Structure formats: structure tokens, C-alpha cells
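Everything quoted here is computed from the prediction, not taken from an experiment. Throughout, residue positions are numbered sequentially from 1 according to the sequence presented.
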Amino acid sequence: QVQLVESGGGLVQAGGSLRLSCAASGSIVSIYNMGWYRQAPGKQRELVADISNGGSAKYVDSVKGRFTISRDNAKNTVYLTMDSLKPEDTAVYYCNADVIYLSGGDYYRTEYWGQGTQVTVSS
């Protein structure tokens with residue numbers, strides 16, 4: 001009933017910037033927290049940043065001051081602007097959303113994931 005579609009990944013040199021987008025679509029009533037996670041080869045998936053529907057954001061220490069999470073509630077879209085990228089930021093980035101949706105006349109709350117987008121930072 002709900003899909004998250006990511007875009008914006010790619011290859012960039014160290015010090016460069018990228019902007020990721022994730023748009024949610026479907027029978028959405030409301031979205032609580034939206035966030036970005038990443039998973040590097042051989043490592044566990046980690047939370048990079050998340051943002052409440054009121055705009056309160058939090059970040060993992062390693063990206064503070066370099067990454068900015070934002071969202072457009074009218075478009076059900078979350079963004080991650082990544083500046084001063086480092087090789088250690090290389091990973092598959094996944095968006096996540098805590099969604100209230102309508103199905104068959106009933107309301108449901110489920111956590112959804114995007115398909116992932118590769119970010120590669122070369123040194």
C-alpha cells in the first residue's frame with residue numbers, strides 16, 4: 001500500500017556533495033519519523049539521521065555538521081544533503097518511514113524501507 005522511492009546516489013570525490021531524496025506514495029494518512037540509514041560492506045546497518053514530522057532532527061556523531069536531513073510533509077518526501085563527503089561515507093543508503101495508512105477502511109501503522117541507493121566516495 002505504500003512505497004518509498006529513493007534517488008540521488010552516485011559517485012563523488014572526497015569533499016564533494018550529494019543530495020538524496022525519498023518520496024513516499026500510496027494510501028498515506030500521516031508519516032511520523034522519516035530517516036536515512038546506511039550499510040557499508042561487512043558492517044551493520046546504522047541510523048544516519050532522522051526527522052520527526054515536526055522537524056526535529058538527530059544525527060549520528062560521524063555526520064554532524066556535514067549532513068542535513070529535511071522533509072517536505074506536503075510531498076511526503078525526505079531529503080539528505082551530504083556535504084564534505086568522506087570515503088568512509090561510502091555505503092548503500094536506505095530511507096525509512098513510520099507510516100499511518102488506510103486499507104479496507106481501517107488504519108494501520110507500519111515501518112517502510114526504500115530499495116536503497118549506492119553512495120560511493122572516492123579518495
Side-chain angles (χ1 to χ4, degrees):
Q1 291 87 350
V2 176
Q3 283 189 320
L4 301 184
V5 178
E6 300 158 354
S7 60
L11 173 64
V12 65
Q13 288 189 331
S17 298
L18 283 173
R19 189 189 194 209
L20 307 182
S21 300
C22 173
S25 62
S27 303
I28 296 169
V29 175
S30 182
I31 303 178
Y32 293 139
N33 277 23
M34 301 185 82
W36 290 95
Y37 289 70
R38 66 185 179 187
Q39 188 166 19
K43 294 188 177 182
Q44 289 189 331
R45 189 174 297 189
E46 67 168 350
L47 174 65
V48 176
D50 70 8
I51 185 168
S52 70
N53 55 7
S56 177
K58 61 181 181 183
Y59 301 88
V60 67
D61 285 347
S62 60
V63 308
K64 285 180 180 178
R66 300 189 297 121
F67 291 11
T68 303
I69 190 170
S70 59
R71 64 189 283 176
D72 184 332
N73 291 333
K75 295 181 179 179
N76 291 327
T77 299
V78 63
Y79 306 95
L80 186 68
T81 302
M82 304 182 292
D83 297 318
S84 302
L85 281 160
K86 304 176 180 180
E88 51 263 44
D89 295 317
T90 295
V92 178
Y93 283 70
Y94 298 90
C95 72
N96 173 275
D98 184 3
V99 180
I100 304 291
Y101 66 94
L102 185 63
S103 178
D106 291 323
Y107 293 93
Y108 298 89
R109 180 175 181 176
T110 302
E111 191 174 356
Y112 286 91
W113 292 89
Q115 79 282 2
T117 185
Q118 177 70 46
V119 171
T120 302
V121 184
S122 63
S123 57

Under 3.5 Å donor-acceptor, R71 side chain and S52 backbone: yes
So does Q3 have more than 12 non-hydrogen atoms from other groups sitting under 6.0 Å from CD? no
Is Y32 reachable from V29 through a run of hydrophobic residues whose side-chain heavy atoms are each under 4.5 Å from the next? yes
Do side-chain atoms of Y59 reach the backbone of I69 as a donor and acceptor pair under 3.5 angstrom? yes
I need the minimum non-hydrogen distance between S21 and Y79, along with the two atoms involved. OG-CD2, 3.3 Å
Search all heavy atoms of A24 against all heavy atoms of L4 and return the closest pair with its distance. CB-CD2, 3.3 Å
Co-membership, hydrophobic cluster, residues V60 and L47, 4.5 Å side-chain: no
Answer yes or no: is there a side-chain heavy-atom contact under 4.5 Å between Y93 and M82? yes
Could you give the distance from CZ (R19) to OG (S7), rounded to the nearest 0.5 Å? 9.5 Å
Quick check: is F67 connected to I51 through a chain of hydrophobic side chains (ILVMFWY, heavy atoms under 4.5 Å apart)? yes
Do NZ/NE/NH1/NH2 and the carboxylate oxygens of D61 and K64 come within less than 4.0 Å? yes
Verify side chain to side chain contact (heavy atoms under 4.5 Å, CB included) between T90 and Q118, making sure each step is shown before the conclusion. CA-CA 8 Å; T90 295; Q118 177 70 46; 4.0 Å; yes
Output the distance between atom OG (S25) and atom NZ (K75), rounded to the nearest 0.5 Å. 14.5 Å
With a 4.5 Å limit on heavy-atom distance, are the side chains of R38 and D89 in contact? yes
Could you tell me the separation between the OG atom of S30 and the OH atom of Y107, rounded to the nearest 0.5 Å? 11.0 Å
Got a second to check how far E88's CD is from S62's OG, nearest 0.5 Å? 8.5 Å
Donor-acceptor contact below 3.5 Å, side chain N53 vs main chain N73: no
Interatomic spacing from CG in N76 to CE in M34 - rounded to 0.5 Å: 6.5 Å
Look at the side-chain heavy atoms of Ile, Leu, Val, Met, Phe, Trp and Tyr, link any pair under 4.5 Å apart, and say whether V48 and Y94 land in one connected group. no
Roughly how far, to the nearest 0.5 Å, is CG of N96 from CH2 of W113? 4.5 Å
Please say yes or no: joined through hydrophobic side-chain contacts below 4.5 Å, possibly via intermediate residues, are W36 and V121 part of one cluster? yes
How close do A14 and P87 get, heavy atom to heavy atom, and via which atoms? CB-CD, 4.1 Å
Evaluate the criterion side chain to side chain contact (heavy atoms under 4.5 Å, CB included) for residue pair E6 and L20; output intermediate values, then yes/no. CA-CA 7 Å; E6 300 158 354; L20 307 182; over 6 Å; no
Report the C-alpha separation of V119 and L18 in whole Å, then their side-chain angles, then the decisive distance to 0.1 Å, and conclude whether the side chain to side chain contact (heavy atoms under 4.5 Å, CB included) test is met. CA-CA 9 Å; V119 171; L18 283 173; 3.8 Å; yes
Report the residues that fulfil salt bridge (charged side-chain N to carboxylate O under 4.0 Å, His left out) with R109, sequence neighbours left out, ordered by chain and then residue number. D98
